[in-house]
Amino acid sequence: MADTVKGPASYFSSIEKKYGRPIAEWKDLIRTSPLTKHMELVAWLKTEHGLGHGHANALVADTLAERK
């Protein structure tokens, strides 16, 4: 039986399909943004890039978790 992807990464395939960019590209945008707070980054992805709240939240959560 295949492992089930859990947490923020469970959104990644649908994010790539819906918005046409690979996850690595989204993460690079987040890392290079001058914003640092979770909800600021979520709001920025929603307003500047048209992502839905859940998708933006998943990307930001996963990217910020890598810093820890």
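Note that CG of Leu64 is 10.0 Å distant from NZ of Lys27, once rounded to the nearest 0.5 Å. Here CD1 of Ile30 is found 5.0 Å from CG of Leu59. Values are rounded to the nearest 0.5 Å. For the atom pair CG (Asn57) and CG (Leu51), the distance works out to 11.0 Å, reported to the nearest 0.5 Å.
Listed by chain and residue number, Pro8, His38 satisfy the side-chain contact (heavy atoms from CB on, under 4.5 Å) test with Ala61 (two or more places apart in sequence, or in another chain). Looking at residues two or more places apart in sequence or on another chain, you find a salt bridge (Lys or Arg N to Asp or Glu O under 4.0 Å) between Arg21 and Glu25. Qualifying side-chain contact (heavy atoms from CB on, under 4.5 Å) partners for Lys18, counting only residues two or more places apart in sequence or in other chains: His55. For Ser33, the side-chain contact (heavy atoms from CB on, under 4.5 Å) partners at least two apart in sequence or on another chain are Leu35, Leu41, Trp44.
Cluster annotation: Ile23 is not connected to Val5 through the hydrophobic network of ILVMFWY side chains, with a link wherever side-chain heavy atoms come within less than 4.5 Å.
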Start with the C-alpha distance between Trp26 and Leu45, add both sets of side-chain angles, then the distance that settles side-chain contact (heavy atoms from CB on, under 4.5 Å), and finish with yes or no.
CA-CA 9 Å; Trp26 289 114; Leu45 287 172; 4.2 Å; yes
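Of all the heavy atoms in Arg31 and Arg67, the pair that sits closest is CA-NH2, 4.4 Å.
Counting only residues at least two apart or in different chains, salt bridge (Lys or Arg N to Asp or Glu O under 4.0 Å) contacts with residues 35-58 are absent.
At distances below 3.5 Å, at least one donor-acceptor pair connects side-chain atoms of Ser14 with backbone N or O atoms of Tyr11.
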